[in-house]
Each structure stands twice: as structure tokens, then as C-alpha cells.
Amino acid sequence: MLYIGIDLGTSAVKLLLMDEQGGIRNIVSREYPLAFPKPGWSQQNPEDWRQAVLGGIDQLLTGFDRSQVAGIGAGGQMHGLVVLDKDDRVIRPAILWNDGRTATQVDYLNQVVGKDKLSRWTANIAFAGFTAPKLLWMRENEPENFGRIEKIMLPKDYINYILTGVHCTDYSDASGMLLLDVEHKAWSREMLELCGLREEQMPRLYESYKTVGTLLPAIARELGLPETVKVAAGAGDNAAAAVGTGTVGEGGCNISLGTSGTVFISSEAFRVDENNALHAFAHADGGYHLMGCMLSAASCNKWLMDEIYKTSDYAAEQTGITRERLGRNRVFFLPYLMGERSPINDTNARGTFMGMTMDTRREDMTQAVLEGVAFAIRDSFEVAKQLGINVSRSKICGGGAKSPLWKTIMANVLGIELDCVASEQGPGMGGAMLAMVACGAYGSVAEACGKLVEVSETVKPDPELTALYEARYQQFRKIYPTCRELFPQLLVE
């Protein structure tokens, strides 16, 4: 049988067709526009998602036996606000995860309502990207639209609604709304009341690997698929990507070195750190996970290469950084080019080079950027350690993981082995795997991961180099606290 995985991203949807043995049979991408109606605002029209997904599925299946498609699963951009009226029509453009209009509402939630209450109710504190602040903004600024809301969903849930007619979401994606009691996997009565919402307006909650429905007859006819095709609840993009890398169960870990960086630590038990430095979310395997998100990871290196060095040959810039230089660099870099989320949660933080002298060379700065990102990733690991979580090895993926040098630095800064997966297809692969579980091809998410995810390479730390980087990290971690009070003074309106 065949399975469709949907990766509903911010700029495009990526669809893949996968067989039960994990073979990728076809991949299709379709872009759609982003709208920025005001500075700091970011919106999309859900109709564009619908057209891209349905047209993309039709293209994906060209030349294949459509009767062999058994299931569909989606991973999607998190936090976006999709609101429907009593006729299930979209009320306004979706407000996306990277929209910054909710600063006033975030301050109200964190400072007036209080972080302690938010953490008790939802296991998290408010961030501008989360869904609850967007609803408060809508209630205050678009009261007429707010009054028309009959259903609230997330981006990938709207696609599931289009496919099945069911208003649904999964626990992993719902965790990022600031409306879910993550520990007990139920809507938070306190947060719903605070936002002026009724539970009937919220979608039904499912585990990511559960079936929410089958294809609507009209959709099945349009796509030439059987009406028996099952649609899995799916997951938020990070949880779906974690499934695609086999990061499930107790102590599983995945590091993503993409434009932003994430540390994803899976757990069978619910955990939350007292400072909410890491997000505490439900996981797509039925358990939980902690996630640290840094806003600038591989984008730091891209900035240095593109904007400062004016080069597109990233690999050439790393050739001069030989092994004997590792762990001995006197230059440090704070990778806070867009402020920072985990674990410092400081929008005022800025990128900073420190330790430069007259003999500082180009290679020193390049190395400092790679190391600075690795040190910042370790900051999130340190929070996990305080919760008693011992991560002995991790998967690593993303564009930055294509650099052998960066993987070596990361392994030694963290002091753990790093596994590279053979097929890195992100949330789409995870979505297809969730569909397989929903259809009964595998008995659990863990079983699917064990059978389908292969490791192609393992990068091991060197004890001597790990010791050198330990000393450098202890120096690095003192830089931000020293500069913290200065950063707000540098802001220019």
C-alpha cells in the first residue's frame, strides 16, 4: 500500500508518496504566497493551502495506482490561527507563527495573568507566535470577526477538515496554542475562559496516529482516490519531523540545524522546567517532549557568508578550520541575530563577536559562528539535565548538518554521539508514518520508526576535544549574562 505525507510549511507544501517499506516513491512541492499587510504581521489565505494540497496530491499520484493509497498524514506549521464561522467559512486570513502583532497581549498574559498561572494551566508561557495571544488580539481589534467564530483550528487541521469534514487537532500541535492543559491532554478551562471561548469552539483532540476520518466523497472523486482512505490526525511540524528521524520514546533526541535551530527531547513522562526555558509539549508518539528553539542557527552562518563575506561557497570557508584549531578559538559569537527564544527568552538579545584581536582571521570568525550555535544548543541541553534527563546520543538533521565540520563541533560541544538519518524528509515523512500507524500497517509509532528510520553515519566525540570545548563553553555561558543589561540600550527605533 501507499501513504501520502503532507508537510504544510510557511512558504510551500511538500508532499511525498511513501510505501510500507519506507521507500520514497515521489515528491512534489507547491508554493503559495505570504502576506505582510503591516510591519511585523504575517498572514496566509487558507484557500491557498487547500488548492496547493489538492493540486499537489493529484500531481503526486500521476502514474501511480491510486487505489493503492491507504492513508494520509500531515505535519504542519504550528501556532497559526484559523477561524471558521457557522458555515465553516474562513473568517479572516490565518495569522501565522511568525506574526509579531501580539506584543501587548503577550505582556498581558505573562505579566498580568502571570507566568506561574500560565505554566500551571498549560505547561508553557506566552510567546508572540502562540495562538492564544492572537485570539486576544482578535477580540480586542476585530470584535465583529471574533464574535463570528464557531471553530478554531491550526493550519494542518484545516487541511484535515477539507479532506474529511472533521474539526480536529492533535495533542502535539494543540500544545503550541497556549490553550491546552498539556499534562492532562485536555483543553484548559481557565485559558478558554480568559480568552472568551467555549469548548465547543475548539476542535476535537486526537493522538497524532489516530484516524480522524476518511475522505469526503467529493474529495475522493476529485483526487481519484477510494473513499476508504484514512486520514491521521497528524502533528505539529517539529513533532512530525521527530517521528521522521525516529526520535520517540524516553530520552530520544533530535537536533535540527535549519534556519532556526531546535533541540527536541522525547519523553514518556510529562516534564516541565520551573523557568519554562523549554517548551513542554505532547509528542506524536503518545508521550511528551521538551523543545528548545533558537531563532537563528544555520541562518547565522548564511548571514556571515552572504552578507559579510559575500560568498556562496560555504564549504570553502570551512576548509581552513583544521582539527587542531577546534576547541582553541579565542573568538566567541553570540548567535542572537533575531533575539532569542530558548532558553533565555530575550527579544532584545543581539548577535555579538567577542575576543577579537589584531591577529583574528576570517577562519576564526567562521569557526566562532559555528561554535556559537553549538554552544547555544547546549544551553537547552543544560536545562534538560536539570530535569534529570540524560541524553547520551542524538539524531541531527537540517541544512547545517550537511557540514562535517559543524557536526564534529556539535558532537564535541555536547559530548555525545550524533546520528545522521539516511532519508531526511522532515514532517512529510513523519506524517506518512503516522498514517501507516493509523491504517494498522504498524502497531505503534515506535515500531514504525524502528523499521523505517535508518542511520547512515555516526559522528563520535573525541575525549580530548570534548574537554577543550567544555572549558570554552563555560566561558561562553558567561557572555550573555554580562551583556544582558546592555542590549536594550542598543535598540534604535
Side-chain angles (χ1 to χ4, degrees), residues 255-259 261 263 294 296-337 340 350-382 391 393-420 456-480 482-483:
I255 298 166
S256 176
L257 284 180
T259 300
V263 176
M294 58 182 300
S296 303
S299 55
C300 288
N301 190 53
K302 182 177 179 1
W303 161 79
L304 185 69
M305 299 297 121
D306 295 357
E307 304 300 328
I308 308 303
Y309 293 170
K310 306 293 185 184
T311 180
S312 59
D313 194 347
Y314 293 14
E317 293 296 331
Q318 297 180 15
T319 55
I321 306 173
T322 54
R323 189 171 182 85
E324 58 267 20
R325 297 169 60 92
L326 300 184
R328 296 176 172 84
N329 194 8
R330 292 175 295 179
V331 180
F332 291 90
F333 176 72
L334 293 185
Y336 308 145
L337 295 177
E340 188 57 293
R350 291 293 179 265
T352 305
F353 279 104
M354 183 165 288
M356 297 170 70
T357 58
M358 287 294 289
D359 61 350
T360 294
R361 299 188 302 169
R362 188 179 180 111
E363 292 87 351
D364 299 319
M365 296 176 66
T366 302
Q367 183 176 340
V369 167
L370 304 181
E371 291 171 340
V373 172
F375 290 146
I377 289 286
R378 178 165 168 182
D379 282 343
S380 288
F381 270 78
E382 293 300 309
V391 177
R393 67 190 306 138
S394 175
K395 303 291 197 324
I396 187 167
C397 64
K402 292 179 172 61
S403 163
L405 173 64
W406 212 345
K407 286 185 289 191
T408 297
I409 290 171
M410 190 72 67
N412 286 283
V413 166
L414 299 176
I416 63 174
E417 295 186 2
L418 298 178
D419 295 322
C420 306
S456 60
E457 175 195 11
T458 297
V459 181
K460 297 182 179 181
D462 174 80
E464 180 182 356
L465 195 49
T466 297
L468 289 173
Y469 270 121
E470 177 64 28
R472 289 291 181 267
Y473 174 69
Q474 295 305 327
Q475 293 175 313
F476 171 87
R477 67 187 308 184
K478 296 175 183 177
I479 299 173
Y480 168 73
T482 302
C483 298

**Student:** Between Ala298 and Gly400, which heavy-atom pair has the shortest distance, and what is it?
**Tutor:**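 Answer, listing the atom of Ala298 first, then Gly400: CB-N, 4.3 Å.
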**Student:** Is atom CD of Glu464 surrounded by more than 12 heavy atoms (other residues, nucleotides or ligands) closer than 6.0 Å?
**Tutor:**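 Open.
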**Student:** Is atom CZ of Arg330 surrounded by more than 12 heavy atoms (other residues, nucleotides or ligands) closer than 6.0 Å?
**Tutor:**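 No, CZ of Arg330 has 12 or fewer neighbouring heavy atoms, counting only those of other groups under 6.0 Å.
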**Student:** Work out which heavy atom in Leu326 is nearest to a heavy atom in Gln367; give both atom names and the distance.
**Tutor:**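 In terms of heavy atoms, the two residues are closest at CA-NE2, 3.7 Å.
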**Student:** Looking at Lys407 and Ala401, would you say the former's side chain and the latter's main chain have a donor-acceptor pair under 3.5 Å?
**Tutor:**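 Between the backbone of Ala401 and the side chain of Lys407 there is a qualifying donor-acceptor contact (under 3.5 Å).
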**Student:** For Tyr469 and Ile409, work out which heavy atoms get closest and say how close.
**Tutor:**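 Heavy atoms only, the tightest pair is OH-CG1, 3.7 Å.
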**Student:** Could you tell me which non-hydrogen atom of Val331 sits nearest to which non-hydrogen atom of Gly355, and how far apart they are?
**Tutor:**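 Heavy atoms of Val331 and Gly355 come nearest at CG2-O, 4.0 Å.
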**Student:** Can you name the nearest heavy-atom pair linking Pro335 to Gly372, along with the distance?
**Tutor:**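 The answer is CG-O, 3.6 Å.
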**Student:** If you round to the nearest 0.5 Å, how far is CG of Asp419 from NZ of Lys460?
**Tutor:**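 Answer for the NZ-CG pair, Lys460 versus Asp419, is 10.0 Å.
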**Student:** For Pro461 versus Gly415, what's the shortest heavy-atom pair and its separation?
**Tutor:**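 Of all heavy-atom pairs spanning Pro461 and Gly415, the closest is CG-C, 3.9 Å.
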**Student:** If I take atom CZ from residue Arg328 and atom CG from residue Leu465, how far apart are they, to the nearest 0.5 angstrom?
**Tutor:**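 Going from CZ on Arg328 over to CG on Leu465, the span is 7.5 Å.
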**Student:** Between CZ of Arg393 and CG of Leu414, what distance do you get to the nearest 0.5 Å?
**Tutor:**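 Nearest 0.5 Å value for the CZ-CG distance: 13.5 Å.
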**Student:** To the nearest 0.5 angstrom, please state how far the SG atom of Cys483 sits from the NZ atom of Lys478.
**Tutor:**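 One finds 13.5 Å between SG of Cys483 and NZ of Lys478.
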**Student:** Can you tell me which residue among Ile396, Val459, Leu370 is in a side-chain contact (heavy atoms from CB on, under 4.5 Å) with Trp406?
**Tutor:**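 When Ile396, Val459, Leu370 are each tested with Trp406, the side-chain contact (heavy atoms from CB on, under 4.5 Å) holds only for Leu370.
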**Student:** Would you check if the side chain of Thr259 reaches a backbone N or O of Ser299 as a donor-acceptor pair within less than 3.5 Å?
**Tutor:**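 Pair absent, no side-chain N/O of Thr259 close to backbone of Ser299.
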**Student:** Could you check Asp306, Thr311, Leu304 and say which one makes a side-chain contact (heavy atoms from CB on, under 4.5 Å) with Ile308?
**Tutor:**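 The residue from Asp306, Thr311, Leu304 that satisfies side-chain contact (heavy atoms from CB on, under 4.5 Å) with Ile308 turns out to be Leu304.
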**Student:** Does the side chain of Glu371 reach to within under 4.5 Å of the side chain of Arg472, using non-hydrogen atoms?
**Tutor:**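 Sidechains of Arg472 and Glu371: no contact.
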**Student:** Mind running side-chain contact (heavy atoms from CB on, under 4.5 Å) on Asn301 and Gln318 for me, showing each step along the way?
**Tutor:** CA-CA 11 Å; Asn301 190 53; Gln318 297 180 15; 4.2 Å; yes
**Student:** Can you measure from OG (Ser312) to CD (Glu317) and round to the nearest 0.5 angstrom?
**Tutor:**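 Atom-to-atom, Ser312:OG and Glu317:CD are 10.0 Å apart.
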**Student:** If the plane angle is over 60° it's perpendicular, under 30° parallel, otherwise tilted; pick one for Phe476 and Phe375.
**Tutor:**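 Correct class here is tilted.
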**Student:** Assess whether side-chain contact (heavy atoms from CB on, under 4.5 Å) is satisfied between Thr366 and Met305, documenting all intermediate values.
**Tutor:** CA-CA 9 Å; Thr366 302; Met305 299 297 121; 4.0 Å; yes
**Student:** Just by distance, do the side chain of Arg378 and the backbone of Val413 share a donor-acceptor pair under 3.5 Å?
**Tutor:**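 Side chain of Arg378 to backbone of Val413: a pair is present.
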